[in-house]
Amino acid sequence: IRVGAEPHSLVFDPSGTRAWVTCSAQERVDVVRTSDYSVVRSLRIQAEGPRGITFSNGAAWCVPLLSGNNTAPRGTLADPNDVRTVERVVGPGLVPLPDRDLFRVLPGAQPTLDRIDPGATQTGLGTILFDVVARPGTNELWIPNTDALNSERTGERDFVDGQVVRNRITIADATGAAPRIVDLDALAPAGAKCAQPTGLDFDPVRPRAYVCSYGSDLVTVLDVSSS
């Protein structure tokens with residue numbers, strides 16, 4: 001099946017009539033009709049590098065790898081292009097990087113009618129979004145990510161222990177409820193860090209989530225019995 005460049009992830013709808021494939025290099029999701037293995041529709045994702053995709057609450061949900069965090073480069077008064085800091089966008093003349101983090105793909109009556117629901121796009125979930133995983137039996141969408149500290153600290157001296165990002169899980173909701181943040185740095189025991197949480201899955205028997213820490217040699221285990 002020939003799809004867009006750099007296919008990264010795919011998910012099927014429950015009926016098996018179509019599969020959605022994230023095509024990272026072309027910033028789109030291709031809809032594959034499984035009855036004849038043909039790409040019947042390509043859906044533009046207005047973000048850089050769509051990768052993770054899952055299915056929950058009657059729709060597919062897609063995250064891009066790279067997202068903005070409502071910051072913008074700030075130059076000097078003499079030269080706006082002489083960028084010295086990155087700041088929250090609060091004043092006139094500052095244009096933020098796009099901050100579109102979670103996209104909803106609505107299945108149509110036929111795969112050829114699938115579409116992006118722009119009103120369901122969620123923002124503020126993180127800066128680099130590695131994946132999205134639906135938690136079984138819930139409307140929760142777990143997104144392992146790092147969130148840049150560039151708006152809070154500038155210059156190497158200001159970064160505590162050289163840490164330039166927060167390592168997190170953002171728990172979004174497929175019904176549109178407010179997201180929750182799991183701060184992996186705050187939960188980590190002394191001497192351990194869940195650096196670059198890139199992938200996760202849920203224990204099918206026990207209330208546990210396992211998170212891969214790509215920037216280390218660790219797998220973090222979260223007790224989700226009370227979440």
Side-chain angles (χ1 to χ4, degrees), residues 1-69 97-118 120-123 125-136 139-147 165 167-172 174 195-202 209-215 219:
I1 305 172
R2 190 174 299 280
V3 296
E6 295 184 7
H8 188 275
S9 302
L10 64 82
V11 69
F12 289 90
D13 75 335
S15 70
T17 59
R18 80 258 283 161
W20 295 282
V21 184
T22 57
C23 303
S24 186
Q26 293 185 268
E27 298 176 355
R28 75 190 202 202
V29 170
D30 280 359
V31 184
V32 176
R33 186 169 55 201
T34 55
S35 62
D36 59 3
Y37 310 114
S38 61
V39 175
V40 296
R41 193 163 175 82
S42 295
L43 306 173
R44 174 84 165 88
I45 299 296
Q46 293 186 330
E48 189 168 349
R51 292 195 176 185
I53 194 165
T54 192
F55 188 89
S56 178
N57 198 34
W61 299 85
C62 171
V63 295
L65 176 66
L66 303 176
S67 172
N69 62 349
L97 299 173
D99 186 9
R100 306 183 188 101
D101 297 337
L102 182 62
F103 295 83
R104 184 186 187 198
V105 181
L106 284 175
Q110 301 294 331
T112 53
L113 300 176
D114 290 3
R115 63 184 179 88
I116 300 293
D117 178 8
T121 300
Q122 297 188 31
T123 65
L125 306 182
T127 308
I128 299 181
L129 313 170
F130 294 104
D131 201 1
V132 57
V133 179
R135 181 181 175 187
N139 292 315
E140 295 176 359
L141 303 169
W142 285 49
I143 303 170
N145 68 90
T146 56
D147 193 51
V165 299
N167 298 288
R168 319 185 315 172
I169 303 292
T170 300
I171 304 175
Q196 277 191 286
T198 52
L200 65 86
D201 205 354
F202 296 92
Y210 288 67
V211 184
C212 292
S213 175
Y214 184 76
V219 171

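A quick note: this is a predicted structure, and the numbers were derived from the prediction, not measured.
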Counterpart residues, side-chain hydrogen bond (donor to acceptor under 3.5 Å, both in side chains), relative to D131 (two or more places apart): none
Value for CD (Q122) from OG1 (T170), rounded to nearest 0.5 Å, stands at 10.0 Å
Test item: T127 side-chain N/O and D147 main-chain N/O as donor-acceptor pair under 3.5 Å: no
Heavy atoms only: give me the nearest G199-P144 pair and the separation to one decimal. N-CG, 4.3 Å
Looking at every heavy atom in both G4 and D30, which two are closest together, and how far apart are they? N-OD2, 3.0 Å
Close side-chain approach of S38 and D36, heavy atoms under 4.5 Å: yes
One should read off an interatomic distance between L43 CG and R41 CZ, to the nearest 0.5 angstrom, of 5.5 Å
Contact between L65 and I128 at the side-chain level, heavy atoms closer than 4.5 Å - yes or no? yes
I need the minimum non-hydrogen distance between T123 and R100, along with the two atoms involved. CG2-CA, 4.3 Å
With a 3.5 Å distance limit and no angle check, can you tell me whether S9 reaches the backbone of R51 through a side-chain donor-acceptor pair? yes
Closest approach of V39 to V32 (non-hydrogen atoms, all atoms of both residues): CG2-CG2, 4.1 Å
Is the distance from the ring center of F202 to that of W142 below 6.0 Å? yes
Spacing of OG belonging to S67 relative to CD belonging to E48, to within rounding of 0.5 Å: 10.0 Å
So does A195 get a backbone contact from the side chain of S213, meaning a donor-acceptor N/O pair under 3.5 Å? yes
If you compare all heavy atoms of F103 against all heavy atoms of Q46, which two are closest, and at what distance to 0.1 Å? CZ-O, 3.8 Å
For R33 and T112 the tightest heavy-atom approach is NH1-CG2, 4.3 Å
Taking side-chain hydrogen bond (donor to acceptor under 3.5 Å, both in side chains) as the definition, give me every residue that meets it alongside S24, ordered by chain and number, with sequence neighbours left out. none
Show your reasoning for whether side chain to side chain contact (heavy atoms under 4.5 Å, CB included) applies to I45 and V29. CA-CA 7 Å; I45 299 296; V29 170; 3.8 Å; yes
What pairs meet the salt bridge (Lys or Arg N to Asp or Glu O under 4.0 Å) rule with one or both residues in residues 10-24, with sequence neighbours excluded? D13-R18, R18-D114
The side-chain hydrogen bond (donor to acceptor under 3.5 Å, both in side chains) partners of D201 (sequence neighbours excluded) come to none
Working to the nearest 0.5 Å, report the span between CG of L129 and CD1 of I143. 6.0 Å
Go through the side-chain N and O atoms of N167 and T146 and say whether any donor and acceptor fall under 3.5 Å apart. no
Value for CG (D101) from CG (L125), rounded to nearest 0.5 Å, stands at 4.5 Å
Rounding to 0.5 Å, atoms CZ (R104) and CG (L141) come to a distance of 10.5 Å
Residues at least two apart in sequence or cross-chain that pass salt bridge (Lys or Arg N to Asp or Glu O under 4.0 Å) with R44, listed by chain then number, are E27
Extract all donor-acceptor atom pairs below 3.5 Å that involve side chains of residues 54-63 and protein atoms in other chains or at least two apart in sequence.
{"unit_1": "T54", "atom_1": "OG1", "unit_2": "A134", "atom_2": "N", "d": "3.4"}
{"unit_1": "W61", "atom_1": "NE1", "unit_2": "S56", "atom_2": "O", "d": "3.0"}

Verdict with supporting geometry, V211 and I169, side chain to side chain contact (heavy atoms under 4.5 Å, CB included): CA-CA 9 Å; V211 184; I169 303 292; 4.2 Å; yes
